[in-house]
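Values reported hereafter were calculated over all heavy atoms of this structure, with side chains retained and with hydrogens, waters and symmetry mates removed. Just so you know, ligand 1 is whichever comes first in the structure, and atom 1 is the first atom listed for that ligand.
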Amino acid sequence: MSLIQGATGDWEIVIGLEVHAQISSQSKLFSGSSTEFGAQANSQVSMVDAAMPGMLPVINKYCVEQAVKTGLGLKAEINLYSVFDRKNYFYPDLPQGYQISQFKHPIVGEGIVYLDMKDGETIEVGIERLHMEQDAGKSMHDQHPSMSFVDLNRSGVALMEIVSKPDMRSSEQARAYVTKLRTILRYLGTCDGNMEQGSLRADVNVSVRRPGDELGTRCEIKNVNSIRFIGQAIEFEARRQVDIIEEGGEIVQQTRLFDPKSGTTRAMRSKEEAHDYRYFPDPDLLPLEIEQSMVDELAANLPELPDGKKARFIEEYGLNPYDAGVLIMDKASSDFFEDVAKGRDARLAVNWVTGDFFGAINKAGLDVASSPISADQLGALIDLIKDGTISGKIAKQVFEIIWEEGGDPAEIVESRGLKQVTDTGAIEAAVDAVIAGNPEKVEEVKAKPNMLGWFVGQVMKATQGKANPQAVNQLLRQRLGLD
Ligand code: ADP
Ligand code: MG
């Protein structure tokens with residue numbers, strides 16, 4: 001928990017998030033129109049999406065299954081009976097004059113998401129509910145000096161609104177929550193989690209209180225579309241509220257907007273102006289009743305999820321929780337690690353994958369899929385370290401050669417003469433030469449045995465890093481009479 005220091009004492013931040021996640025589906029929630037991103041404006045709009053009179057919505061079964069699957073992934077209660085309501089409001093990009101959403105009877109009830117924080121603490125964030133709804137279109141105000149345009153391609157696209165309980169206490173926790181939720185959705189394949197394209201966005205509810213007090217009045221920051229912005233919006237908003245209260249003011253419940261340029265939030269509308277949506281069950285749609293057998297089948301075919309994979313990595317490969325946590329955050333990374341680690345020294349594999357490998361792809365701005373080094377190549381390199389063909393130091397050199405030029409690690413080592421020298425004769429010669437050339441150091445090391453490292457370094461230098469470090473160590477100790 002991170003507290004805010006105010007002039008009158010400490011304050012606790014309370015955060016609850018409403019995440020809108022676009023369901024990965026080729027067609028919309030109630031029509032057969034395509035959902036593909038980036039199409040020409042208004043090219044993916046059926047009569048239903050344009051709300052022509054007399055058009056009837058037909059529920060997309062695939063989307064229902066994805067919502068149930070997501071509910072299962074959130075360890076949530078699945079409601080076999082749910083209802084679609086009309087949420088009435090006017091907006092130029094909402095041709096129906098209402099949004100079809102679920103209100104009193106959502107398809108998914110309470111669930112839970114676990115967050116592994118950097119300091120090793122595990123936070124539980126409750127899920128209040130998950131409901132399905134349609135997305136609206138998009139108004140475009142920047143296309144013409146005196147006119148606005150509307151693109152209805154998004155109109156009717158299926159969304160899941162995932163509502164958390166107010167269980168988060170810092171911007172770090174909120175960021176960790178969205179990151180974890182996105183990872184779960186991606187593992188499930190129910191949402192691509194692409195925040196730049198708007199597939200995942202969050203309404204961020206923030207309030208402050210004295211530690212342990214009742215919940216304070218919240219403000220809701222609408223439609224924040226990056227994890228970094230979520231953190232910034234919370235920091236700004238919490239401080240703003242603390243300042244108001246400490247100056248004797250009161251927080252009014254409000255909807256606010258985040259401005260990424262200034263990192264601030266500003267009022268959009270207050271509770272008094274808030275809409276009365278006049279929800280009522282959509283008469284064009286029957287209540288949605290699903291069979292337990294469908295839920296059971298989806299549950300039986302659920303892929304391995306991040307928490308399960310983390311536990312398995314710890315158990316199967318002996319990883320520490322931190323490394324396991326880093327690897328599972330991205331499915332491609334965890335698959336890559338497993339391909340490298342299978343049948344090999346897991347310690348070496350995790351060090352190489354999270355160290356040199358991640359370092360190289362991050363530096364090059366690549367991801368696992370576009371990496372020039374394959375899991376097979378990295379695995380083969382690790383085999384050469386393990387069987388003593390090359391030292392770890394030479395391996396870094398070979399790694400760079402593969403990265404730049406490709407090739408088989410064993411062949412590279414062979415053709416460039418990088419093999420570790422285990423031949424004792426050659427090592428002995430180098431050791432003796434270093435001892436003979438540095439009589440003063442020999443005197444010093446007798447009094448200060450940790451000077452041995454200097455000798456090892458000299459011998460490694462003389463052998464171009466190819467001498468087996470253990471053999472060098474052993475020989476030096478022997479020759480210098482340190483044993
Ligand atoms: P609404 O649709 O009016 O925003 P919801 O119940 O759908 O209401 O969502 C409320 C969200 O606000 C939830 O994520 C909840 O956790 C969060 N929340 C509720 N009370 C507070 C509070 N006092 N401080 C911070 N967040 C809160
Ligand atoms: Mg809300």
Legend entry - Any residue meeting salt bridge (Lys or Arg N to Asp or Glu O under 4.0 Å) with R86, in chain and number order, not counting sequence neighbours: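 Checked R86 against salt bridge (Lys or Arg N to Asp or Glu O under 4.0 Å); matches are D282, D284.
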Inset, instruction - Say whether, by atom type as modelled, one donor and one acceptor occur between the side chain of R201 and the main chain of G198 under 3.5 angstrom. - result: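 Yes: the side chain of R201 pairs with the backbone of G198.
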Heavy atoms only: which of [options] lies closest to [atom]?
atom	options	answer
atom 13 (C) of ligand 1	P166, A202, G216, S164	S164
atom 22 (C) of ligand 1	G126, C219, S207	S207
atom 10 (C) of ligand 1	R218, K222, R209, E128	R218
atom 26 (N) of ligand 1	N205, I13, I162, I127	N205

Near [X], which atoms of ligand 1 are under 4.0 Å from a heavy atom of that residue?
X	answer
L215	23 (N)
L17	14 (O)
K165	16 (O)

Inset, instruction - Kindly confirm or rule out an N or O of T217 lying under 3.5 angstrom from an N or O of ligand 1. - result: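 By distance alone, the answer is no.
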Legend entry - Lys NZ or Arg CZ of K87 over Y277 ring: under 6.0 Å, within 45°: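 So K87 does make the cation-pi contact.
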Legend entry - Within residues 39-52 or reaching into it, pairs that qualify as salt bridge (Lys or Arg N to Asp or Glu O under 4.0 Å) - sequence neighbours excluded: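 Sorted pair list: K28-D49.
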Legend entry - Aromatic plane relationship, F399 with W403 - under 30° parallel, 30 to 60° tilted, over 60° perpendicular: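 Rings of W403 and F399: parallel, as their planes differ by under 30°.
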Inset, instruction - Verify whether one side chain among S148 and H141 offers a donor that lies under 3.5 Å from an acceptor in the other. - result: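 Present: a donor and an acceptor within the cut-off.
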